[in-house]
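What follows is a single structure, written as structure tokens, with notes after it.
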There are 2 protein chains.
Amino acid sequence: MARVGIREVASLADVSLGTVSHYLNHPDRVSEEKARRIADAIEQLGFVRNNAGRQLRLGQSSTIAYIVPDVSNPFFATIAEGVEQRATEAGLAVFIANSSRDRAREDAYLELFEEHGVRGMLVASPRPIEDRLAGARSRGTPSVLVGQRSSSPAQPSVSIDDVSGGYLAAKHLIEGGCRRLAFIGGPLAIRQVGDRLQGASNAVREAPGVTLEVIDVADRIIAEGHAVAEGLVARSAGQRPDGVFAVNDLLAIGIAQTLVTSGVRVPDDIALVGYDDIEYAENALVPISSVRPPHEDFGVAAVDLLLAVVSGDPPAETQVVFTPELRVRASSRRETQPA
Amino acid sequence: MARVGIREVASLADVSLGTVSHYLNHPDRVSEEKARRIADAIEQLGFVRNNAGRQLRLGQSSTIAYIVPDVSNPFFATIAEGVEQRATEAGLAVFIANSSRDRAREDAYLELFEEHGVRGMLVASPRPIEDRLAGARSRGTPSVLVGQRSSSPAQPSVSIDDVSGGYLAAKHLIEGGCRRLAFIGGPLAIRQVGDRLQGASNAVREAPGVTLEVIDVADRIIAEGHAVAEGLVARSAGQRPDGVFAVNDLLAIGIAQTLVTSGVRVPDDIALVGYDDIEYAENALVPISSVRPPHEDFGVAAVDLLLAVVSGDPPAETQVVFTPELRVRASSRRETQPA
DNA sequence: TTGAAAGCGCTAACAG
DNA sequence: CTGTTAGCGCTTTCAA
């Protein structure tokens with residue numbers, strides 16, 4: 001089945017190849033008569049424009065990339081909706097790539113999108129990746145770092161203030177009467193994780209007598225939450241923390257699940273706060289208190305920023321930082337304050 | 001910033017353009033000496049292969065597309081993991097596109113991927129879309145329908161047996177003592193929805209005296225579950241169903257949430273079963289019983305099927321159908337069976 | 001309004 | 001092992 005091209009269309013419609021191209025790109029500049037013949041030929045032949053040829057000639061595509069570490073994390077999925085919507089408005093298509101939290105795969109997609117000449121990339125990554133993005137930028141593919149504040153204004157980013165988010169969470173636990181806090185998350189080298197811990201630590205420092213334990217985990221997913229909580233349950237009651245701040249909701253959901261089914265009361269025995277406020281946090285076994293970034297605005301802001309940069313008109317502030325709020329729910333709402 | 005091409009690399013490395021291409025595509029056929037010079041030049045210039053040129057010349061890409069109606073539905077995200085993994089093993093990259101349950105957008109992406117000359121497409125769609133896919137196939141882009149059984153063997157598909165899934169769910173509710181079932185889902189014209197209802201209806205027909213109410217909804221998301229459940233709560237207790245089968249877990253999660261917070265006991269007053277068995281069903285406010293497709297195998301099977309078709313070696317059975325199981329959890333587990 | 005022609009960057013066939 | 005060369009399909013001057 002020989003792929004049909006513009007040439008076949010032209011010959012069937014009995015016009016020149018150039019006219020078909022005109023029809024495709026400037027329909028108004030083609031006579032009605034020929035336009036109809038061309039349309040018929042396209043229909044009849046099932047012609048589909050070859051993007052490779054088009055893009056080679058044009059020198060640019062009308063696509064942006066959105067690279068996420070984990071599509072099954074609803075936090076990124078929610079953002080994707082905003083991205084999709086705004087990009088569509090701007091006449092851009094979005095290709096989403098899933099790096100599966102794998103560095104090699106992430107690199108491969110970065111490279112692939114560069115080769116594809118996308119207009120720009122939105123990149124969510126748990127890793128330090130600015131050098132890599134700086135490279136891409138120098139070669140003509142700009143990007144916006146999503147969910148992680150960039151360290152230089154040269155690299156646009158859209159993020160939330162994780163230090164204040166962490167502070168909010170820990171402060172709330174302390175005010176609820178918790179004295180032995182545990183921070184569950186990791187690896188600590190991840191910027192978002194480190195910042196949230198820093199914020200929690202700040203709150204603890206302000207509260208004499210309150211301690212902060214750190215429980216490091218490799219993946220921030222529900223299954224890890226189960227595992228960590230099992231460890232907690234295995235301790236004697238006196239050794240357990242009375243307030244847990246999980247670095248994201250996936251962990252928190254897993255933790256809540258295991259604690260509750262093991263007979264540990266939440267929030268009475270252990271109060272729990274998560275982060276991201278994904279839709280499922282509210283609907284979890286125990287509705288989970290969570291630090292909420294403005295999901296609705298996140299994707300939109302990222303695309304807007306990218307578009308501005310692409311159009312060579314970078315805004316004064318390339319590092320957009322949203323301030324998170326705390327949504328208090330049953331997992332940390334104590335009726336009676338312990339002494 | 002003039003985009004650097006193979007030509008610049010060649011001239012800096014002081015070799016011919018063809019040698020650079022050889023280096024890129026058959027590194028073994030280039031002398032070590034020149035290979036190093038070329039590598040240096042690439043490094044120094046920050047050369048990135050232009051995919052448009054490459055693909056134009058090769059006539060094919062090494063990418064497959066995965067089009068989903070809703071990235072934020074964990075059902076598709078879970079499948080995506082299997083897809084990604086298998087595709088990577090086969091040396092293929094996966095571009096995910098989110099149609100946002102919008103027909104126009106879905107069409108646009110289908111068209112876009114055809115233009116891009118992807119090797120093949122995995123398409124999950126709530127709509128009848130086989131004609132569209134047949135068109136793409138005839139033009140050289142094969143596809144696998146995901147989550148919906150195709151009506152012709154000419155169109156490969158990977159799906160689960162929704163009729164038996166629906167039967168399983170309703171049968172279980174009836175055996176738990178439910179007499180007034182409600183099926184919540186829609187639009188009924190959607191194949192998956194219709195089949196699940198059919199299965200439920202089959203089970204009801206076998207049980208004299210049991211009734212089946214249908215509550216039609218437009219979107220199968222958590223928020224809709226909230227809305228529907230509010231309607232249920234507003235009814236007098238005698239008018240409410242005592243068993244609810246939600247066409248997917250998102251709806252079920254929303255329903256459970258609203259029922260419980262409104263004081264309706266689940267499963268005692270209303271037993272509830274969902275569908276898809278997404279991770280959050282198990283962790284929901286009331287752990288939700290759910291009909292479970294084999295997530296792990298789904299994406300893998302879809303890619304394998306696509307690869308087989310692409311390679312012109314279609315297997316005997318192009319319509320893969322998995323049989324679902326029922327996972328019983330608290331939302332439908334009744335201690336005492338009513339008379 | 002239409003057509004002819006040049007060339008985007010790359011690969012592979014071929015000749016050396 | 002290396003270089004030369006002919007397009008892949010398309011868009012867009014430019015001239016008619």
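Below, chain A is the first sequence line, B the second, and so on; all start at residue 1.
- Atoms CZ (B:Arg54) and C1' (D:dG9) sit 18 Å apart, rounded to a whole Å.
- B:Ile6 has its CD1 atom 17 Å from the P atom of D:dA6, to the nearest Å.
- Of the candidate nucleotides D:dT11, D:dT5, C:dA13, C:dA13 has the atom lying nearest to any side-chain atom of B:His22.
- Out of D:dT2, D:dG9, D:dT11, the shortest distance to the side chain of A:Arg7 is found at D:dG9.
- Residue B:Lys34 contributes atom NZ, which lies 12 Å from atom P of D:dC1 at whole-angstrom precision.
- For the residue pair B:Glu130 / B:Ser152, no side-chain donor-acceptor distance below 3.5 Å is found, with atom types taken as modelled.
- Put simply, CG on A:Leu58 is 17 Å from P on D:dG9, counting in whole angstrom units.
- Between the CG atom of A:Leu56 and the P atom of D:dT11 there is a distance of 11 Å, given to the nearest Å.
- Atom CD in B:Glu115 sits about 12 Å away from atom C1' in D:dC10, given to the nearest Å.
- Following rounding to the nearest Å, A:Arg57 (CZ) and C:dA5 (P) show an atom-to-atom distance of 16 Å.
- Considering all non-hydrogen atoms of both residues, A:Val146 and A:Ala302 come closest at CG2-CB, 4.1 Å.
- Note on A:Phe47: only backbone sugar-phosphate atoms sit closer than 4.0 angstrom, heavy atoms only; bases stay farther off.
- Counting heavy-atom neighbours within 6.0 Å of B:Asp131 CG, excluding the residue itself, gives a total of 12 or less.
- Comment: A:Arg37 engages A:Glu33 in a salt bridge, judged by a side-chain N to carboxylate O separation of less than 4.0 angstrom.
- If you measure from atom CG of B:Asn25 to atom P of D:dT2, you get 15 Å, rounded to the nearest angstrom.
- Contact between the side-chain N/O atoms of B:Thr19 and the OP1/OP2 oxygens of D:dG3 is found at a separation under 4.0 Å.
- Residue A:Ser21 is classed as a base contact, given a heavy-atom separation below 4.0 Å to a base.
- Projected onto DNA chain D by closest heavy-atom contact, A:Val48 and B:Ser16 fall at different nucleotides, the more 5' of which corresponds to B:Ser16.
- Other residues, nucleotides and ligands contribute over 12 non-hydrogen atoms within 6.0 Å of the CD atom of B:Glu317.
- In the set D:dC1, D:dT12, C:dT11, C:dT11 carries the atom at the smallest distance from any side-chain atom of B:Leu24.
- Using a 4.0 Å heavy-atom distance criterion, A:Gly59 is classed as making no nucleic acid contact.
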